[in-house]
Amino acid sequence: MFLDQIEHFPEITDTEAARIGLERWQEQPGLLSDQPLADRTRFIAEHRNGGRLLQGLFANSPYLTRLMIRDIEFAASLLEEGPDATEARLKADADALDPAALSTAELMTALRVLKRHYSLTTAIADITRVWPLERVTGALSELADIAIATAWRHALHVQTGTGKFPAAGGDDILDGSGVICLGMGKLGARELNYSSDIDLIVFYDNEIPLYQDVDELQKHFVTMTRLVVRMLDERTSDGYVFRTDLRLRPDASAMPLAVSTAAAEIYYESQGQNWERAALIKARPIGSDKQAAEEFLTRIRPFIWRKHLDFAAIEDIHSIKRQIAAHKGGTKIKVEGHNVKLGRGGIREIEFFVQTQQLIWGGRDARLRGMKTSEGMEALVQLDRVKPDVAKAMMDAYRFLRTVEHRLQMVDDAQTHSLPETTEGLAQIAGFLGIADADRFRRELIHQLSTVAHHYGHLFEESAPLSSGNEIEGSLVFTGVENDPETLKTLADMGFRDPDSVATRIRAWHHGRYRATRSERSRQILTEIAPALLSSFGQAPEPDEAFRRFDRFLEGLPAGVQLFSLFQANPPLLAMLADIMGMAPSLARQLGQHPSLFEGVLTHDPSDRLGDRASLTSELERDLKRATFYEDVLDISRRWINDQRFLVGIQVMQGRVPASRAAICLSDIVDAGISVLLPRVEAEFAKQHGRIPDCPLPALAVIAYGKLGARELSAGSDLDLVFLYDAPFDAESDGERPLPASTYFNRLGQRLLAALTAQTAEGGLFEVDMRLRPNGNKGTMVPNYEGFEKYHREDAWTWERMAMSRARVIAASPPLADKLNSLFKEVLCAPRDSDGLLREVAVMRERIAKEHAATSHWQIKHWRGGLVDLEFLAQYLLLKHCREHPDLITGNTADVFDRLAEKGLMDTELADRLSATTRLWRAIQWVLRLTVEEKFDPETAPEALKTRLAKIARVETFEDLDRIIEKRGADVREAFISLIGAPAAALLGSDPEAQE
């Protein structure tokens, strides 16, 4: 009798659970009214070994208790006959199942009963140590083989029964079916753990002649795959058979559940990753068409086993090793809560110790191609790649840790690998292992984990850790199909709020789903830089948002090797990228929409001095020499201008240049772009319509107003432009399709506007506002000079005079530019009624204040005391005094205050305050537009942004800056009231709106 042979028992760690379990064991036969069974169970309970074993099981495992009571007759037979005889009987029962004769429901019930019986049999054999580990895992794997093959035979019978799917007609329905079901991982190696799920990949041979005339072949195989998974995975009142995972198939998120062999071969040849090669080492056909499976595995063998690894492949394997070893020296070995599979010194390290060396050397020596961990380790010893004592120590640890893993899972059939968090819980697991002294178990566990960690770490000593220089502690593993718990913890420690999403996206990169990550070389480099990349994003104000923006950027990249190599060689660029993604959403959005913008970083050192208009114009002219067609001109211009604007944004964000200098440079970029584009637009237009005779080139003039006119552009500013021409009204062009002058120039203006605003493959350039032309939107798009002059001399409103104070000619023929500059000066310096000017300026400011009410002083433009007040002050005082002092005329607001002080027209101290405040407001506006696009809330703003803003103002803290803004704003409001508000109120009465 088996009970007489038992020598090893679990400790009785919970006497109450043991007592209750024993009572239920003795009561159950009575509930079944089965006296012979009652006699057998009583005998077992009273047996010197039987009672001790039962109590040990009931004390430690609620799951095994349920199995013993539910299937008590089977349990009694098992304890009487022993696991060997019971397993033989179970195999006979399995062979007797007829997948064709039974319904799906009947077969599902039979398989679940078989699973319960196998689970109980292997548990008793394991706990009593009558089977070694290899026999236990082999039996569990045998059960999986039986269940999978049975389910596939049934699914094929069901599908052929529809009449839409041909039957092969052999003795075994699997033969000739084309079904290839590969057991992966522990199942493939026949190493299943006690509560393991099973990893399967389903392929089908779409070239079998039988299927040549079958439409929707994929649909049929997907349907069968779903049925197989349901039969194994679905929980019913009888339990389940195996949790089933199909995610190891090629590109699981994009590929169907069943993949054709043709598609699989293309994938493995073009996009297959080294971690997939590692997984396929253990691939074994189960429930398959043997011939089709063998032929398929033969065809993909060159992918798995490379005879000549190139440098990139070897480096990628080392990268995978270093990813998993990144926590070497970081995470400490512990006992309570330690993950015996994934934690330091755990089972995964032993498996990877073997697998990585198999990947590197197995292509040249077939002896290294064994599926089992023990086989691979033995082969490494035979080939002198691992010392015998190291191999023995690693395999001893493997068997010990796998046994611990089984006990953890036997407690409640949970797919867990982590030890209890409490000392009491740890003592119970020790007792379940038959170790009465919990401290002895602790010492043994630490010894085994430390042994593995030591030898595993030694294997990786030749490779620098991926976390080098980034002070990352913890695991960073992004291989396989599920997120590594230790990696999620590391990401959380780095500052990511949603580490699961981050890890999932990185694993998607490795699937080659983006163009930038399709090549093996790009994935290898990305693997290398991932820790540094994540470290940089972890230091961003919003790490998750920074990562998401980078993911969008990566998705748009046409290729990755060049950029990833640049990051690898220049780590500071990663910090720059993290700054962009973390703090500059406008720049990040530009990068996401047009990743080619980052090419500017490859060809321009961001620390270089910003160019002036002349150098910028020369550079763009040089680039345009490559243009063959007009479309090339537009694309090259867009690319160049966007690159330049992007680089200016980086300089401001990194604090390399002040906002005032950046505004001038951005204006110079626009000037250069328009001045270079204009003659080319005119030349293209002239191909159809010719030129206007005697009209100097460029025939069209472009006048800048607003911020561009004042050379005060900031990020996101639109362009206030006016186009005009100077030609006789009755002139006509001399082309094949001649046009009268008015029509000619209006169409030419539309062409130029399209060149500046229309979207192409390289994106758009600017938002252009042309409402400052005479009569605004009601007027002609391109007026002639005479009409423009007459309007501004006779009909223009005060606000248009104010706008003209910032007007600047940026493109025109020299004669027309001279005429316009003279006109601007004459109009601005014309005699005007001072009181009328004052009233109109005051009324306009009040109207704008009502239309754009600001709720916070961080709305730096429209807040009373903000930029609009400063601009109104400067423009009012310029118009008031420029007749006597023409050299006051400048579009730059801060410069106006400086010039007023120089002329003695404003108190020097006040002028200095207003000038300095204008420059501070501009600087703040620049940074806010780059970062939060002016929607700034101090309560939710990242601390890094607050620090950056304080730095701009040269103060210690953000709170200091907040107080400065209040104080400076009050000064501006006081100056506005003193110079405009109060005098205007005196003229208008108490209500400035009353005189409108």
Side-chain angles (χ1 to χ4, degrees), residues 612-614 658 660-661 663-665 667-668 671 701-713 720 722 772 785 788-789 792-793 796-812 814-838 840-841 867-922 972 975-976 978-980 983:
D612 56 19
R613 175 171 173 170
S660 57
R661 176 72 187 96
I664 293 171
C665 185
S667 303
D668 286 343
D671 286 4
V702 181
I703 306 169
Y705 285 80
K707 287 186 177 181
L708 176 59
R711 305 183 79 202
E712 292 178 340
L713 276 185
D720 292 303
V722 170
L772 285 174
Y785 175 78
F788 182 84
E789 178 185 25
H792 278 289
R793 287 191 188 279
W797 297 73
T798 296
W799 68 265
E800 290 174 299
R801 299 279 191 274
M802 295 169 69
M804 185 176 281
S805 71
R806 310 178 85 182
R808 182 170 59 86
V809 179
I810 57 175
L816 181 53
D818 290 343
K819 289 170 69 173
L820 285 168
N821 287 326
S822 296
L823 174 65
F824 296 157
K825 187 172 182 179
E826 290 172 19
V827 170
L828 292 174
C829 295
R832 56 181 46 89
D833 175 14
S834 296
D835 289 347
L837 173 66
L838 179 63
E840 290 179 25
V841 169
L867 278 170
V868 173
D869 277 342
L870 287 164
E871 290 169 356
F872 265 66
L873 268 170
Q875 291 164 23
Y876 162 69
L877 293 171
L878 185 151
L879 290 175
K880 179 180 179 181
H881 296 294
C882 69
R883 178 169 177 77
E884 291 79 20
H885 304 280
D887 49 353
L888 279 177
I889 298 174
T890 175
N892 186 283
T893 303
D895 288 349
V896 172
F897 294 127
D898 292 338
R899 295 184 187 189
L900 286 167
E902 290 173 5
K903 300 294 181 185
L905 300 171
M906 178 179 277
D907 176 74
T908 300
E909 184 180 348
L910 174 60
D912 288 345
R913 286 203 307 273
L914 295 179
S915 177
T917 300
T918 301
R919 293 185 173 95
L920 177 59
W921 284 187
R922 293 281 184 216
V972 173
F976 188 91
S978 173
L979 296 171
I980 296 177

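These numbers come from a predicted model, not from an experiment.
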Open item on the list: Side chains of Phe872 and Met802, heavy atoms from C-beta outward: is any pair under 4.5 Å?
Closed with: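 Side chain of Phe872 against side chain of Met802, heavy atoms only: contact under 4.5 Å found.
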
Task: Short side-chain to backbone donor-acceptor contact, Gln875 and Ser805, under 3.5 Å - done: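 Not a single qualifying donor-acceptor pair exists.
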
Open item on the list: On a heavy-atom basis, which atom in Phe788 and which in Ile703 lie closest, and how many Å separate them?
Closed with: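 Taking Phe788 first and Ile703 second, the nearest heavy atoms are CZ-CD1, 4.1 Å.
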
TODO: Run the numbers on Val841 and Leu879 for side chain to side chain contact (heavy atoms under 4.5 Å, CB included), then give the verdict.
DONE: CA-CA 11 Å; Val841 169; Leu879 290 175; 5.9 Å; no

Open item on the list: Could you check whether any side-chain heavy atom of Leu708 comes within less than 4.5 Å of a side-chain heavy atom of Asp720, counting everything from C-beta outward?
Closed with: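 Side-chain contact under 4.5 Å: no.
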
Task: Nearest heavy-atom neighbours spanning Ile889 and Arg899 - done: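 Looking at all heavy atoms of both residues, the shortest contact is O-NH1, 3.1 Å.
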
Task: From CA spacing to verdict: side chain to side chain contact (heavy atoms under 4.5 Å, CB included), Lys903, His881 - done: CA-CA 10 Å; Lys903 300 294 181 185; His881 296 294; over 6 Å; no

Open item on the list: Restricting to ring pair (Phe, Tyr, Trp, His ring centres under 6.0 Å), what partner residues turn up for Tyr705, sequence neighbours left out?
Closed with: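 Testing Tyr705 for ring pair (Phe, Tyr, Trp, His ring centres under 6.0 Å), a comparison that skips the adjacent residues, returns none.
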
- [ ] Taking all non-hydrogen atoms of both residues into account, name the closest pair between Ala911 and Ala901 and its distance.
- [x]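 Shortest heavy-atom separation between Ala911 and Ala901 comes out as CB-CB, 3.6 Å.
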
Task: Charged N-O contact under 4.0 Å between Asp887 and Lys825 - done: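 No, no charged N to carboxylate O under 4.0 Å.
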
- [ ] Please report the shortest heavy-atom distance between Ile810 and Asp671, naming the atom on each side.
- [x]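 Here Ile810 and Asp671 meet closest at CG2-OD1, 3.3 Å.
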
Task: Rounded distance [0.5 Å steps], SG in Cys829 versus CG in Leu878 - done: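 So the gap between those two atoms works out to 8.0 Å.
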
Open item on the list: Would you compute the distance between atom CG of Asp895 and atom OG1 of Thr918 and round it to the nearest 0.5 angstrom?
Closed with: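 Result: 9.5 Å between the selected atoms.
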
Open item on the list: What I'd like to find out is whether the side chain of Trp799 reaches to under 4.5 Å of the side chain of Leu772, using heavy atoms alone.
Closed with: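 The answer is yes, as the side chains (C-beta and beyond) meet within the 4.5 Å cut-off.
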
Task: Glu712 and Arg806 ion-paired at < 4.0 Å - done: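 Salt bridge between Glu712 and Arg806, a charged N being under 4.0 Å from a carboxylate O: yes.
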
Open item on the list: Would you say that Arg808 contacts Arg711 through its side chain, given a criterion of any heavy-atom pair below 4.5 Å between the two side chains?
Closed with: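 Yes - at least one pair of side-chain heavy atoms lies under 4.5 Å apart.
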
Task: Exercise: identify the closest heavy-atom pair between Ala894 and Asn892 - done: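 Scanning both residues completely, I find the closest heavy atoms to be N-OD1, 3.2 Å.
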
TODO: Determine, for Asp898 against Arg919, whether the closest basic-nitrogen to carboxylate-oxygen distance falls under 4.0 angstrom.
DONE: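 Looking at Arg919 together with Asp898, the answer is yes, because their closest N to O distance falls below 4.0 Å.
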
Open item on the list: Using 0.5 Å steps for rounding, measure from the CG atom of Leu900 to the CG atom of Leu873.
Closed with: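 Separation between the atoms: 10.0 Å.
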
Task: Heavy-atom check, side chain of Leu820 versus side chain of Tyr785, under 4.5 Å - done: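 Answer yes - side chains close enough.
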
TODO: For the residue pair Leu905 and Leu877, establish whether any side-chain heavy-atom pair is separated by less than 4.5 Å.
DONE: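 Counting from C-beta outward, Leu905 and Leu877 never come under 4.5 Å.
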
Open item on the list: Looking at Leu713, is its backbone amide N or carbonyl O close enough to the side chain of Arg922 to form a donor-acceptor pair, meaning the two atoms are under 3.5 Å apart?
Closed with: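 Not a single qualifying donor-acceptor pair exists.
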
Task: Closest non-hydrogen atom pair, Ala710 against Gly891 - done: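 Heavy-atom minimum between the residues: CB-O, 3.1 Å.
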
Task: Pairwise distance OH(Tyr876) to CG(Leu838) - rounded to 0.5 angstrom - done: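 Going from OH on Tyr876 over to CG on Leu838, the span is 4.0 Å.
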
Task: Interatomic spacing from CG in Leu979 to CE in Met906 - rounded to 0.5 Å - done: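 One gets 5.5 Å once the value is rounded to the nearest 0.5 Å.
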
Open item on the list: Whether the side chain of Glu826 engages the backbone of Leu823 through a donor-acceptor N/O pair (distance < 3.5 Å, no angle test) should be reported.
Closed with: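 Not confirmed, Glu826 side chain does not pair with Leu823 backbone.
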
Task: Close side-chain approach of Arg883 to Arg832, heavy-atom, < 4.5 Å - done: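 Not touching, per the 4.5 Å side-chain cut-off.
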
